[in-house]
Amino acid sequence: MRNFTEITGKMSIYIRNVLLDGELKNIYIDEDGIIKSVIHVGETYENRFEEIACSHDITLIDGTNKAVIPGLINMHTHAAMTLFRGYADDMPLKSWLEEKIWPLETKLTEEDVYQGTRLACLEMIKSGTTTFFDMYYHLDATAAAVAEMGLRAFLSEACFDFFRQDLMEKSKRRIEEGYKRFLSNADCQMKRTIRYASGPHAIYSVSGELLQWVFAFAKDNNIMIQMHLAETEQETANCVENFGLTPVRYLHRLGILSPNLVLAHVVHIDDEEIKILADAGVGVVHNPASNMKLASGYRFKFKEMKEAGIRVTLGTDGCASSNSLDMIEAMKLASLLGKAWRKDPEALACDEMLAAATKTAADILQTDTGIIMEGMRADLCLIDLCAPVFTPNHNFVSNLVYAANGNCVDTVVCDGRLLMQNRKVEGEGEILEHAARSARNLMGKR
């Protein structure tokens, strides 16, 4: 693997004539990645920035026929599972995991994870995602790939103990050692965009004792936790049988519900459990593509959770279950699914979906992103309004959520670093070639 500590990516950026909230604006981003100015085109104040742009080393971007949105935030991924795309489709979750995914994952090398994560980052950049919350293996390899690609990421290493004491102690040591390595990793420390998190897999693969230990560790070190919960009816039934409680009530009894916990899926819960989560300040991630493909459940209570005060966000899950990391597609699926099962066309409006994929997620992660305004970090995307799906443009957000997909993204900036322009990402051919080779080698080990 390459050492990416030499990459700084520092530059100032001036975006001219871009559509923001229905008005033409100019956006100035300083070399520290901060949005310093958002002004109307034609304002007197604009002339000063035109002068600065002409007299300094500033990257100029023409925003004509483009709209700007905050960078999208994918709140639940297993990035390196891009290598599994198209493998083991059309199976129920339990057999999918136990018979196909977990056995092959034991054969993953650090190089595999590095190449798979680079591919995931490329796919996310090409579809407008600037931040993702990951759970997977070989955290060092994942961090190296993210540092190279320039995205913002919260990285958690999946941990399991399967209710075995020896595996529990091994998981504790791995988490402690992984966190120490992360703190001493120059790639991670020079990149304020990469944060360590903890990733206990699920209540059926991690003991209550280990969950409580992880919670205490996360609290002591002020880090986020991500885990799967209440994904299937069978998981809920087994939880009641084994612990005498439903999944949310089980975590509540363990004392690990808190604002630094993000729960993925959370399909099978009742009204009282919604209140429990709301009172604890827990974040929830809806993964519509994965839930539908694995038939985990479709009655995700987005509206009910939001009304109770829960911060509900969106994710794709890994490419083995959702096949795509396209968050624009996730917004559409979440909205349409929520309307369909409620038989209510007014449920889950397009504006709510965009907020869930930007502002709400940024609020949970405390990243100073998710809104384009002065003083915020510059995570943003330019959308090509010349794409047929934006004609006519009666309602930009409606077109984005209901008509478009990730291919409408033209330019991506993350933390002030230009990652893609005119749909071109530096080195993308080499990334695709190496990822395909890793996938072929991995499948040869089956």
Side-chain angles (χ1 to χ4, degrees), residues 9 11-29 33 35 37-39 41 53 58-74 118-132 149-152 193 316 324-332 350 353-354 357-358 369-373 376-429 431-432:
M11 65 177 75
S12 294
I13 298 174
Y14 189 60
I15 305 172
R16 289 192 181 111
N17 302 318
V18 69
L19 192 69
L20 172 61
D21 298 330
E23 299 179 316
L24 286 178
K25 301 287 182 69
N26 294 331
I27 301 172
Y28 174 61
I29 302 164
I35 299 173
S37 176
V38 180
I39 59 176
V41 171
I58 293 178
T59 298
L60 299 175
I61 297 176
D62 183 7
T64 304
N65 294 321
K66 296 179 178 66
V68 62
I69 64 170
L72 301 172
I73 301 175
N74 191 339
R118 284 208 306 168
L119 176 59
C121 290
L122 174 62
E123 183 176 348
M124 286 189 274
I125 291 169
K126 299 280 275 191
S127 53
T129 290
T130 54
T131 301
F132 67 104
M149 297 301 292
L151 286 177
R152 190 182 303 278
T193 51
T316 61
S324 165
L325 297 171
D326 188 338
M327 281 294 291
I328 297 179
E329 178 185 77
M331 289 192 289
K332 178 177 181 175
C350 56
M353 297 302 97
L354 183 57
T358 54
T369 64
I371 307 175
I372 298 173
M373 62 182 292
M376 302 295 282
R377 303 219 64 84
D379 287 17
L380 52 85
C381 306
L382 300 190
I383 306 299
D384 182 8
L385 297 179
C386 291
V389 294
F390 288 99
T391 303
N393 198 14
H394 298 307
N395 182 324
F396 167 70
V397 176
S398 172
N399 285 347
L400 178 70
V401 173
Y402 296 137
N405 58 39
N407 291 330
C408 72
V409 179
D410 176 86
T411 299
V412 173
V413 174
C414 181
D415 208 51
R417 180 180 174 189
L418 185 59
L419 304 185
M420 179 173 77
Q421 189 170 16
N422 300 321
R423 289 204 58 75
K424 299 297 182 184
V425 177
E426 184 178 353
E428 59 185 281
I431 292 170
L432 295 173

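Index from 1, following the sequence. Note that the structure is a prediction, hence the values are computed from the model and not measured.
- A pairwise comparison of heavy atoms in Asn399 and Val389 identifies CG-O, 3.6 Å as the closest pair.
- Remark: Met149 CE to Arg417 CZ distance equals 8.5 Å, nearest 0.5 Å.
- Put simply, the side chain of Thr131 does not reach to within 4.5 Å of the side chain of Leu151, judged on heavy atoms.
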Given side chain to side chain contact (heavy atoms under 4.5 Å, CB included), test Ile35 with Met373 step by step and report yes or no.
CA-CA 7 Å; Ile35 299 173; Met373 62 182 292; over 6 Å; no
Run the numbers on Thr358 and Ile73 for side chain to side chain contact (heavy atoms under 4.5 Å, CB included), then give the verdict.
CA-CA 6 Å; Thr358 54; Ile73 301 175; 5.5 Å; no
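- Rounding to the nearest 0.5 Å places CG of Leu72 at 5.0 Å from CE of Met331.
- Looking at heavy atoms from C-beta onward, Ile39 lies out of side-chain contact with Tyr28 at the 4.5 angstrom threshold.
- The two atoms that bring Ile13 and Ile61 nearest to each other are CG2-CD1, 3.7 Å, heavy atoms only.
- In this structure the side chain of Leu432 reaches within 4.5 angstrom of the side chain of Leu122, judged on heavy atoms.
- In this structure, CD on Glu123 lies 15.0 Å from CZ on Arg118, to the nearest 0.5 angstrom.
- Distance check, rounded to the nearest 0.5 Å: CG of Asn407 to CZ of Arg423 gives 5.0 Å.
- Looking at Lys332, its side chain does come within 3.5 Å of a backbone N or O of Tyr402 through a donor-acceptor pair.
- Between the side chain of Asn422 and the main chain of Lys424, no donor-acceptor pair closer than 3.5 Å is present.
- With hydrogens and angles disregarded, a donor-acceptor distance shorter than 3.5 Å links the side chain of Asp326 to the backbone of Gly406.
- The two atoms that bring Val412 and Gly128 nearest to each other are CG2-CA, 4.3 Å, heavy atoms only.
- Separating the CG atom in Asp410 from the CG atom in Leu385 is a distance of 10.0 Å, to the nearest 0.5 Å.
- For the residue pair Pro70 and Gly370, the shortest heavy atom distance occurs at CG-O, 3.4 Å.
- Residues Val409 and Ile125 share a closest heavy-atom pair of CG1-O, 4.4 Å.
- Using a 4.5 Å heavy-atom threshold, the side chains of Arg377 and Thr193 count as separate.
- Residue Asp384 holds its CG atom at 6.0 Å from NZ of Lys66, rounded to the nearest 0.5 Å.
- Taking every heavy atom of both residues into account, Ile328 and Cys408 meet most closely at CD1-SG, 3.9 Å.
- More than 12 heavy atoms of other residues, nucleotides or ligands shown are found within 6.0 angstrom of CG on Asn395.
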Pair Thr130-Arg152, side chain to side chain contact (heavy atoms under 4.5 Å, CB included): steps then yes or no
CA-CA 6 Å; Thr130 54; Arg152 190 182 303 278; 5.7 Å; no
Walk me through whether Thr129 and Thr316 qualify under side chain to side chain contact (heavy atoms under 4.5 Å, CB included).
CA-CA 11 Å; Thr129 290; Thr316 61; over 6 Å; no
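- Val38 is listed as a side-chain neighbour of Leu20, based on a closest heavy-atom distance under 4.5 Å.
- Paired with Ile383 under the rule side-chain contact (heavy atoms from CB on, under 4.5 Å), one option of Leu19, Leu400, Thr411 passes, and it is Leu400.
- Side chain of Asp379 to main chain of Cys414: no donor-acceptor pair is present (N/O by atom type, distance under 3.5 Å, no hydrogens or angles).
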